[in-house]
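Below is one structure; the comments refer to it alone.
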Amino acid sequence: MSTTELNTTLTQLQSSPPPSPQKIASLLSTAKRQLLTLNALLPTPSTSPQLLGLARATLETGALLSIRLQDPDAFTRYFQQLLPFYELPPSSFKPAGGGQRSKVTGLYLLLLLTKGDYAGFHTVLEGLEVEMGGSTGAGLEEDKFIGYPVKLERWLMEGSYDRVWGATKREGVPGEEFGVFSEVLIGTIRSEIASCSEKAYPSLPIANAKNLLFLESEGGVVEFAQGRGWVVQDGRIYFPLQQGDGVRSEKEILVASGQVIENTIGYARELETIV
């Protein structure tokens, strides 16, 4: 089998506008069979540079389209298949135009953040730092795609959830595919804040909860509250009673939530000045 058929399949996958989800799934299956037939799923010393480039481009396209199909498991499999290609020394193979490695790797880092897999996140980063000759995370931030999850992870560690939220809403999101995982990440953060609120507060005003949970409207707060089994009454959210000690007073509630709300409002004002 020649590379012509694989090249044709790749062209169809990269067409604009993109094919339908059903067509994408069918083309990706065809591409995998063609790679297998060409013995190109893994790079070998005998694989020609032309086939290496075509195989890598096919796998990278599959990874990006898997996100469009909202299939993170398939995306992860494509990333794992791409690693042997990414480990090839530039002296033996250098893709035309640089390929999509930076974008795919940045998306994988963002996916790890959505799963809370910080160990895996730093393992990938450390590998990139070694490859770059010992560059630090600050150096990686200069990359458009890899820098995005690196900054998000730092803000998460600092507890700067407002900055994370802002980054997912601004034009600074480096690509359409990143928006999918960014929304998942915000959902994860929202769930963490909700769990902490249940343990710390007996109740909160809906307006305060809206800011704490980074929701767009009070109606969104009510819908979210109902989904978690919270009671909404007279403009307040009442959390399930917690067992044991540690229930805070109303004054403590306002102090604890006030700082986060203040930071969120301040950041929103900064965004307004930018816009």
Side-chain angles (χ1 to χ4, degrees), residues 17-18 20-21 24-25 60-79 100 102-118 120-121 124-125 141 143-198 206 209-228 230 237 260-261 263-265 267-268 270-272 274-275:
S20 66
I24 289 175
E60 287 177 334
T61 300
L64 297 176
L65 289 175
S66 293
I67 296 175
R68 189 180 295 274
L69 297 176
Q70 298 189 9
D71 190 345
D73 292 335
F75 170 77
T76 299
R77 289 193 294 271
Y78 275 110
F79 180 79
Q100 300 266 30
S102 176
K103 188 174 188 177
V104 172
T105 303
L107 284 163
Y108 183 67
L109 287 169
L110 187 55
L111 173 61
L112 292 175
L113 285 185
T114 66
K115 294 181 176 181
D117 186 358
Y118 295 103
F121 181 92
V124 175
L125 276 188
E141 284 190 30
D143 183 279
K144 176 183 177 181
F145 298 114
I146 295 176
Y148 181 71
V150 168
K151 287 184 287 188
L152 292 183
E153 191 268 346
R154 186 177 68 248
W155 293 335
L156 287 171
M157 294 299 97
E158 294 172 353
S160 301
Y161 295 147
D162 54 332
R163 302 191 72 178
V164 176
W165 179 80
T168 65
K169 298 299 179 184
R170 296 160 58 185
E171 293 181 358
V173 176
E176 179 184 352
E177 296 90 352
F178 284 79
V180 175
F181 290 154
S182 294
E183 286 300 316
V184 175
L185 181 60
I186 289 299
T188 301
I189 292 172
R190 187 174 289 131
S191 295
E192 291 179 0
I193 294 174
S195 296
C196 291
S197 299
E198 290 174 336
I206 290 179
K210 172 176 168 288
N211 290 307
L212 282 171
L213 297 170
F214 304 111
L215 289 165
E216 300 292 342
S217 67
E218 293 190 1
V221 176
V222 173
E223 183 179 351
F224 183 83
Q226 292 172 342
R228 292 188 68 95
W230 296 344
I237 290 175
V260 177
I261 295 171
N263 291 342
T264 304
I265 293 174
Y267 193 67
E270 291 179 13
L271 292 179
E272 289 176 0
I274 294 173
V275 175

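Keep in mind that what you see is a predicted model, and the values were worked out from it rather than measured.
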Rounded to the nearest 0.5 angstrom, the CG-CG distance for D71 and L65 is 11.5 Å
Distance col, row L109:CG vs F79:CZ, nearest 0.5 angstrom, shows 7.0 Å
Here the gap from R154 atom CZ to E141 atom CD, rounded to the nearest 0.5 Å, amounts to 4.5 Å
In terms of heavy-atom contacts, A225 and I237 come closest through CB-CD1, 4.1 Å
Minimal heavy-atom distance between L152 and L113, with the atoms involved, is CB-CD1, 4.0 Å
All heavy atoms of W155 vs all of A167, minimum pair found to be CZ3-CB, 3.8 Å
Contacts satisfying salt bridge (Lys or Arg N to Asp or Glu O under 4.0 Å) that involve residues 104-117 (not counting sequence neighbours) are none
- Evaluate whether atom CD of E176 has more than 12 neighbouring non-hydrogen atoms of other residues, nucleotides or ligands under 6.0 angstrom away. no
Interatomic distance, CZ@R68 vs CG@L64, rounded to 0.5 Å, equals 9.0 Å
In terms of heavy-atom contacts, S66 and A74 come closest through OG-CB, 3.6 Å
Closest non-hydrogen contact found for E177 with I67 is O-CG2, 3.7 Å
Output for pair (L110 CG, T168 OG1), nearest 0.5 Å, gives 10.0 Å
Evaluate the ring planes of F178 and Y148, with Trp represented by its six-membered ring, and classify them as parallel (under 30°), tilted (30 to 60°) or perpendicular (over 60°). perpendicular
Note, V104 side chain near L107 side chain (heavy atom, < 4.5 Å) = no
Item to check | E192 atom CD, over 12 foreign heavy atoms within 6.0 Å | outcome: yes
Which of L212, L213, I193 passes side chain to side chain contact (heavy atoms under 4.5 Å, CB included) with Y161? Answer is I193
For Q70, is the CD atom crowded, meaning more than 12 foreign heavy atoms sit under 6.0 Å from it?
no
Query raised in the report: Are I189 and V164 side-chain neighbours, meaning at least one heavy-atom pair lies under 4.5 Å?
Result: yes
- Query: Mind checking whether L185 and L156 have side chains closer than 4.5 Å, heavy atoms only?
  - Reply: yes
Heavy-atom nearest pair, F75 first then A63, reads CD1-O, 3.2 Å
d(R190 CZ, R228 CZ) to nearest 0.5 Å is 11.0 Å
message: Any non-hydrogen side-chain atom of E153 less than 4.5 Å from a side-chain atom of L112?
response: no
Sequence neighbours excluded, the answer for ring-ring contact (aromatic ring centres under 6.0 Å, His included) partners of F121 is none
Does I186 reach the side chain of W165, with side-chain heavy atoms less than 4.5 Å apart? yes
Residues K103 and E60 bridged, charged N to O under 4.0 Å:
no
